[in-house]
Amino acid sequence: VCNKWACSSGSGYPNISLSAPLPGIPKPVFAAVDSHEQCETKITTLENGLKVASQNKFGQFCTVGILVNSGSRHETKYPSGVAHFLEKLAFSSTAQYGSKDEILLTLEKHGGICDCQTSRDTTMYAVSAEVKGLDTVVSLLSDAVLQPRLLDEEIEMTRMAVRFELEDLSMRPDPEPLLTEMIHAAAYRGNTVGLPRFCPVESVEKIDKKLLHMYLQSYYCPERMVLAGVGIEHEQLVACARKYLLNVKPVWGASTPTNVDLSVAQYTGGIVRMDKDMSDVSLGPTPIPELTHIMIGLESCSFLEDDFIPFAVLNMMMGGGGSFSAGGPGKGMFTRLYLNVLNRHHWMYNATSYHHSYEDTGLLCIHASADPRQVREMVEILTREFIQMAGTAGEMELERAKTQLKSMLMMNLESRPVIFEDVGRQVLATGKRKLPHELCDLISNVTASDIKRVTTKMLCSKPAVAALGDLTEMPSYEHIQAALSSKDGHLPRMYRLFR
């Protein structure tokens, strides 16, 4: 809009430029914030090694939680599924609270809710509640993490919950969680992040209180924990941490951090196939067409490396989604997997790019689904897309991907629980936090040559493949590997005498 645009529309309004101050109106005074004081993340390390990190945010509610450097990747010496069990057992009876209901009633007085989530490398206990209930919240968190009773009936209920979740995983129409599990197993065969995130059926009966205590003794020690809070004063949080987390003896006795598994992820590549009848996955009267799902991944990098940002931009540039999406550029309809795949091949139901990143490795993969008869063609389309990533990215598509990544980052960080997770994870992994504006600067600096460089390096790794459904037409792993080593991504030609 031109500054000289005037408000005269033929009515009785005066002809005043919008850029000039209005006569008779006092000059506005704008609120200002001193330096980066408000957006800075404050970190304090207590005498026992526990880190306390906080981020102030205006509002009467806060999100506080304890993040532990513990997950399914640490289960080498244990039956797989310990972390899964601990996630389900979280916020059950403790030394102070007789049952989960008591905990929920206590939180309700402060308008609070609690949740526990486990990933491959982190376990997160979190509470959102009113700021004035901070003392109660930290006391409750300390109790839930360090003093759980782990009663026999609670463990039995957890066994039932885990069995149900495993059944649900194999029956649900959305195969994405199962494929993610499979691609990790293929990429890191039998080690660290390739270990099962969900408890295998054969481990359900093996996990008991004694085993859980052995695991907790090794991994739940203060130097592997961060108490993170968003929406509170740092000094207040540190005072509560000193009160409830400093000289507390856990229910399992003294920690033995010498037993911690420090294995570094070994990328192996490989294939995991699961032949499965997908013709009756629909849960309602509307039938879902029978689809075969393929995921192909290559090794990227850890989130501690500088190349993590170019990989995040590349993942955004590939984008993708389901064939039912509609909308403008904001929906990512200009990403490569839409333009080159979904818009050109009407028979493909899905093509989506994912980037999984850990402290010592990473995996960039594309998930696609189509009719079982077109699996070979679908795989070739994916291998071609991987090869084309190493070409020079167009200026416009690169700028669009960078802008989309920045806007997604900033929009997600509007939410208090997301800020909490970001603060907690970064401080747990690196001992400090990169602020959103620093990340945006790093994203802005990514060039087409960075994308080319990281892709060329990525294409040197062996592929990881996960395949689910009717795999009659599935090309062999060797053929997929050959296609990803070729110039154009084409699968080797197969000559059949009988079709």
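The residues of the chain are indexed from 1 along the displayed sequence.
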**Asked** Can you name the one residue among V127, I232, V131 that meets side-chain contact (heavy atoms from CB on, under 4.5 Å) with V64?
**Response** I232

**Asked** Do you see a donor-acceptor pair shorter than 3.5 Å between the side chains of S444 and K406?
**Response** yes

**Request:** Would you give the length of the straight line joining atom CG of D470 to atom CG of L291, rounded to the nearest 0.5 angstrom?
**Result:** 11.0 Å

**Prompt:** Is there side-chain contact between Y219 and N69, with heavy atoms separated by less than 4.5 Å?
**Reply:** no

**Request:** Indicate yes or no: at least one non-hydrogen side-chain atom of M410 is less than 4.5 angstrom from one of E414.
**Result:** no

**Asked** Without hydrogens or angle criteria, can the side chains of D135 and Y244 be said to hold a donor-acceptor pair below 3.5 Å?
**Response** yes

**Asked** What do the steps show when you test N315 against S353 for side-chain hydrogen bond (donor to acceptor under 3.5 Å, both in side chains), and what is the final call?
**Response** CA-CA 6 Å; N315 180 49; S353 174; 2.5 Å; yes

**Message:** Tell me whether R172 is salt-bridged to E165, with the criterion being a basic N under 4.0 Å from an acidic carboxylate O.
**Reply:** no

**Message:** Which residues pass the ring-ring contact (aromatic ring centres under 6.0 Å, His included) test with F308, not counting sequence neighbours?
**Reply:** H355

**Asked** If we only count heavy atoms from C-beta on, is the I155 to L212 side-chain gap below 4.5 Å?
**Response** yes

**Message:** Tell me if a side-chain donor or acceptor on Y220 pairs with a main-chain N or O of L146 at a distance below 3.5 Å.
**Reply:** no

**Prompt:** Under 3.5 Å, side chain of N48 to main-chain N/O of L245, donor-acceptor pair present?
**Reply:** yes

**Request:** May I ask you to test the N191-S263 pair for a side-chain heavy-atom distance under 4.5 Å?
**Result:** no

**Request:** Return the minimal non-hydrogen interatomic distance between L169 and P177, and the atom names on each side.
**Result:** CD1-CB, 3.7 Å

**Donor on one side chain, acceptor on other, D121 and S119, under 3.5 Å** = yes

**Request:** Check whether the side chains of S99 and D101 place a donor and an acceptor atom closer than 3.5 Å, and report yes or no.
**Result:** no

**Message:** Has Q55 got a side-chain atom pairing as donor or acceptor with I419's backbone, closer than 3.5 angstrom?
**Reply:** no

**Message:** Could you tell me if the side chain of F91 sits less than 4.5 Å from the side chain of Y125, heavy atoms only?
**Reply:** yes

**NZ on K457 to CG on L298, rounded to 0.5 Å** = 12.5 Å

**Asked** Under 3.5 Å, side chain of T430 to main-chain N/O of V427, donor-acceptor pair present?
**Response** no

**Item:** Short N-O contact, E75 and R120, less than 4.0 angstrom
**Value:** no

**Request:** Take the angle between the ring planes of Y358 and H184 and call it parallel below 30°, perpendicular above 60°, tilted in between.
**Result:** perpendicular

**Item:** Point-to-point distance, once rounded to the nearest 0.5 Å, from CD of E299 to CE of M458
**Value:** 10.5 Å

**Request:** Report the distance from atom CZ of R149 to atom CG of L89, rounding to the nearest 0.5 Å.
**Result:** 14.0 Å

**Message:** Looking at D277, I'd like to know if its CG atom is crowded, meaning that more than 12 non-hydrogen atoms belonging to other residues, nucleotides or ligands lie closer than 6.0 Å.
**Reply:** yes

**Fill in**
For G231 and N56 the tightest heavy-atom approach is C-OD1, 4.2 Å

**Request:** Verify the neighbour count for atom NZ of K77: are there more than 12 heavy atoms of other residues, nucleotides or ligands below 6.0 Å?
**Result:** yes

**Prompt:** Do S357 side-chain atoms and C301 backbone N/O form a donor-acceptor pair below 3.5 Å?
**Reply:** yes

**Request:** Tell me, with the steps shown, if E359 and S302 meet side-chain hydrogen bond (donor to acceptor under 3.5 Å, both in side chains).
**Result:** CA-CA 5 Å; E359 64 186 6; S302 99; over 6 Å; no

**Message:** Measuring from atom NZ of K249 to atom OG of S255, what distance do you get when rounded to the nearest 0.5 angstrom?
**Reply:** 10.5 Å

**Message:** Quick check: Y267 with Y188 (ring centres under 6.0 Å apart)?
**Reply:** yes

**Prompt:** Is a donor on one side and an acceptor on the other found under 3.5 Å between the side chain of H74 and the backbone of G71?
**Reply:** yes

**Prompt:** Ignoring hydrogens and geometry, is there a side-chain-to-backbone donor-acceptor pair from K402 to V446 under 3.5 Å?
**Reply:** yes

**Request:** Please step through side-chain contact (heavy atoms from CB on, under 4.5 Å) for the pair R159 and D208, ending with a clear verdict.
**Result:** CA-CA 10 Å; R159 286 196 181 113; D208 56 15; 4.3 Å; yes

**Item:** Contacts of H293 that satisfy ring-ring contact (aromatic ring centres under 6.0 Å, His included) - sequence neighbours left out
**Value:** H367

**Asked** Where the side chain of T268 meets the backbone of A187, is there a donor-acceptor pair that is under 3.5 Å apart?
**Response** yes

**Asked** Salt bridge or not for D422 and R433, using N-O below 4.0 Å?
**Response** yes

**Prompt:** Between T106 and E102, does a side-chain hydrogen bond (donor to acceptor under 3.5 Å, both in side chains) hold up when you go through it step by step?
**Reply:** CA-CA 6 Å; T106 306; E102 259 186 62; over 6 Å; no

**Prompt:** Between A129 and V137, which heavy-atom pair has the shortest distance, and what is it?
**Reply:** CB-CG2, 3.9 Å

**Message:** Tell me whether the count of non-hydrogen atoms from other residues, nucleotides or ligands lying under 6.0 Å of CG in D168 goes above 12.
**Reply:** yes

**Item:** Separation between CE of M389 and CE of M317, rounded to the nearest 0.5 Å
**Value:** 8.0 Å

**Asked** If you take all heavy atoms of K100 and A90, which pair is closest and at what distance?
**Response** NZ-O, 3.6 Å

**Message:** Would you say that N259 contacts M214 through its side chain, given a criterion of any heavy-atom pair below 4.5 Å between the two side chains?
**Reply:** no

**Request:** May I ask you to decide if R197's main-chain N or O and E181's side chain share a donor-acceptor pair within less than 3.5 Å?
**Result:** yes

**4.5 Å side-chain heavy-atom contact, T118 and L86** = no

**Asked** Is it true that a side-chain atom of S128 and a backbone atom of G112 form a donor plus acceptor pair closer than 3.5 Å?
**Response** no

**Message:** Within the 4.5 Å heavy-atom criterion, are L216 and L150 side-chain neighbours or not?
**Reply:** yes

**Prompt:** If every non-hydrogen atom of A241 is compared with every non-hydrogen atom of L227, which pair is closest and at what distance?
**Reply:** CB-CD2, 3.7 Å

**Message:** I'd like to know whether CE of M157 has more than 12 heavy-atom contacts from other residues, nucleotides or ligands below 6.0 angstrom.
**Reply:** no

**Prompt:** Just by distance, with hydrogens left out, do S203 and Y78 show a side-chain donor and acceptor under 3.5 Å apart?
**Reply:** no

